[in-house]
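All remarks here apply to the structure that follows.
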Amino acid sequence: MLIDILFKTIGTNYRHNQVIEIFHMNMGGGGVWKLPRPRAKGVPFFSRNQIATTLHQVGVLLELKGANPFRTRSYFNGSRTISTLTEDFGEVVISGRLMDLKGIGKGLGSGITNAVLEGEWPEDWIELFEKTPSGLIVMLGIPNLGPKRIKLLNEELGITNIIELQESCEASEIEDLSGFGKKSQQKILDGIQLLKRFNARRRLDIGLLYGNALKELISNIPKVEQIELAGSARRKKESIGDLDLVIGAKSEHHDEISNSILSLPGIADIKGAGDSKISLILDTSIFENEFNLGNLDGGVLDAIGGEDYEKMEATGTIDAQVRIVPSNMFPFTLAYFTGSKEHNIRMRQRALDRGLKLNEFGLIPIAKIDDLKGIEAAQFSIKADSEEDIYKRLDLPYIVPELREDLGEIEAGEENNLPELITINSIRGAFHNHTILSDGEATLEQMADEAQKLNWEYLGISDHSESLKIANGANANDLLNQGKLIEKYNSTWKEKGNDFRLFHGVESDILENGKLDYSEDVLRELDYVVASVHAMTKWNNRDESENTEDLIKTIENKYTTMLGHPTGRIIQGRNGYEVDMHAVIRTMGDMNENGIFKAIELNASPYRLDLDWRLCKFAKMCGVPVSINPDAHDLMGLRDVRFGTYIARKGWLEKSDVLNTKSSEEVATLFSKRS
DNA sequence: GCCGTTTTCGGCCCGACTGTTTTCAGTCG
């Protein structure tokens, strides 16, 4: 049963650092990769998302074909350029400015232009999609198995999918291939198991739980001078592959520290232990108490494997790499293993431009090192007490880990224009929360109490609407009665001089043609409406333009205040439906400009983190306020706003960009701007 | 495939680790 569920999801998620990126951008669509069909309405025949996704997929398919790596890279670069474009993509193509973009030359430029203007994909791309077995793409998700060896497996043994691969391993057919052996055969089997369980990645909340537990244990080891969690966990990516920890200590203590680490609790297996690096597999025995996964709404639970999910987490593991370096190297190693790869490339290039070489050991004047390499050369490194010093030496202000993705942070740093990112302390409340009226676990009163314990000034209650039977959606009468109760509480607090207040909303299901639940008479009584899609099957089966049109209709509805979990994606569970979110956000931006308040939710549940951080910056640019909502189904759920804050920071948001940093008076005023 | 130009083609970030090899290829970040 469990395996069935997991195999079902493997079809849509792939772990390959580039493939997974696409998954997280919600650009992947359904299971098998297919070139999108052109939009029925004509030019532009394809959206920015579709072009960016396609370029990326062509790049992956070229890798599997064994094409020139620089050629494949240019497809990835092109995809990146287009997905981060802030202008209207269609206009850029139509006005013939596409090839002015850095990274788009004659080849990509003419292919894209023809696709967008004529609705036809280049022949060689069509052929790539048709001739590559989709199972090979799934195999890229297996750790330590890349395009070259997959190509070899395909050519030598005729393997076209993960099931055949597993059978071949079990029949010991792989170990005899040149370049393979017993160990790599076993590694592939292990990797298949990992992929089946978690798509070889873990959600941010789970990663941070393990990471912080290990960090805490190591920091108590004598003679450890510095320790920090690095990697994607430090950068607060929505999911992480493995944990990276960096330790600073005197060289003479490295052995002792290393031995202490190997005897810590929670280690299921030791994959390797060298002079400077320890590779571990951690399991849940690292936690003193069992971890509480909280109450999930039914849709989320289903998407991540239903009832079997908790069992899976309880027996789950995570890989961790621990590196021990002399304290003087610590900032360099920390920066290096924090990444991202793209950010590091830019930083290294920046160092080269200044006659310096940047690596995990130091920042070293090239003139001094002759033929010395790595750690040998590091004796000539410029001193740094912290990462700040490294940035300073490269003429940049400090860039926080969340921003290190090479998505404009270097340029913003050069212009001294980095954002002052929001912190959790700025949050004054939240607007998407459930009570026992629908599928929540706590009463209105309990939720209000908990919000006050968090020092919030207000709380918005938005139970599920009538049509969502599966989540016990509230009928009109019950909803209106909830409103009366809220009024009563609000006036009682006011009489007592307590400034706390509740806002009364609803999470309305988005119905046919973008309609909301309930009659106008009911909607008029509410402070706000969170409009969300729940009919995922239907929305997944429609094309991007239909979904986009319906969402825009919903937003144009007078009573829609904000869009809830905008794409419906569940991390490690399912992709979102296809939608041109740029167009949706742009519509919201235009309405805000005209004095009509429309906000977009950043659903802070670690299972969702939707709006994706890559789109937060775009919402900010369009002047669309972001509401960081926990989608709480119980008291603990309110605390999920912290994950939303991490993602908001990653998405460049400042305090002023976020709705729930405003005072309750300001919020009330904004909510009243309906038309 | 893109870029930058020495305008016709060479260079494209770089190092560690692993498991294969017997000097290196593949993978990863």
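So that the names make sense, note that chain A is the first sequence line, chain B the second, and so on, each numbered from 1.
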Please confirm whether A/His56 and A/Tyr75 have ring centers closer than 6.0 angstrom.
no
Listed nucleotide nearest any side-chain atom of [X], set [options]:
X: A/Leu108; options: B/dC12, B/dC2, B/dA16; result: B/dC2
X: A/Arg71; options: B/dG26, B/dC13, B/dG1; result: B/dG1
X: A/Asn144; options: B/dC28, B/dG15, B/dG26; result: B/dC28
X: A/Phe361; options: B/dA16, B/dG29, B/dC13; result: B/dA16
X: A/Lys183; options: B/dG26, B/dT20, B/dC2; result: B/dT20
X: A/Tyr75; options: B/dG1, B/dG15, B/dC13; result: B/dG1
X: A/Lys341; options: B/dG15, B/dG1, B/dG29; result: B/dG29

Base, sugar-phosphate or nothing for [X]? Non-hydrogen atoms, less than 4.0 Å.
X: A/Leu177; answer: nothing
X: A/Lys182; answer: sugar-phosphate
X: A/Asn68; answer: base
X: A/Gly103; answer: sugar-phosphate

With rounding to the closest Å, how many angstrom separate the [atom1] atoms on [N] and [M]?
N: B/dT6; M: B/dA16; atom1: C1'; value: 37 Å
N: B/dT7; M: B/dC13; atom1: C1'; value: 27 Å
N: B/dC9; M: B/dG19; atom1: C1'; value: 37 Å
N: B/dC17; M: B/dC12; atom1: C1'; value: 24 Å
N: B/dT5; M: B/dG10; atom1: C1'; value: 11 Å
N: B/dA25; M: B/dT20; atom1: P; value: 16 Å
N: B/dC14; M: B/dG4; atom1: C1'; value: 22 Å

Taking only the side-chain nitrogens and oxygens of [X], find out if one of them lies under 4.0 Å from OP1 or OP2 of [N].
X: A/Lys187; N: B/dG19; result: yes
X: A/Lys106; N: B/dC3; result: no
X: A/Arg149; N: B/dT27; result: yes
X: A/Ser184; N: B/dT20; result: yes
X: A/Arg348; N: B/dC13; result: no

Looking at A/Glu387, A/Glu409, A/Glu342, which hits salt bridge (Lys or Arg N to Asp or Glu O under 4.0 Å) with A/Arg404?
A/Glu387
Toward the 5' end of DNA chain B, by each residue's nearest nucleotide, A/Asp244 or A/Ile345:
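That would be A/Ile345.
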Judged by each residue's nearest nucleotide on DNA chain B, which is more toward the 5′ side, A/Arg323 or A/Thr72?
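Per heavy-atom nearest nucleotide, the more 5' residue is A/Thr72.
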Taking the side chain from A/Arg149 and the backbone from A/Asn144, do they hold a donor-acceptor pair closer than 3.5 Å?
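Between the backbone of A/Asn144 and the side chain of A/Arg149 there is a qualifying donor-acceptor contact (under 3.5 Å).
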Using modelled atom types and a 3.5 Å cut-off, is there a donor and acceptor pairing between side-chain atoms of A/Thr317 and backbone atoms of A/Leu282?
no
I need the [atom1]-[atom2] distance between [X] and [N], as an integer number of Å.
X: A/Glu342; N: B/dC14; atom1: CD; atom2: C1'; value: 14 Å
X: A/Lys277; N: B/dA16; atom1: NZ; atom2: P; value: 11 Å
X: A/Tyr336; N: B/dC28; atom1: OH; atom2: P; value: 14 Å

Evaluate whether atom CZ of A/Arg97 has more than 12 neighbouring non-hydrogen atoms of other residues, nucleotides or ligands under 6.0 angstrom away.
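Yes.
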Quick check: are there more than 12 heavy atoms from other residues, nucleotides or ligands sitting under 6.0 Å from CD of A/Glu123?
no
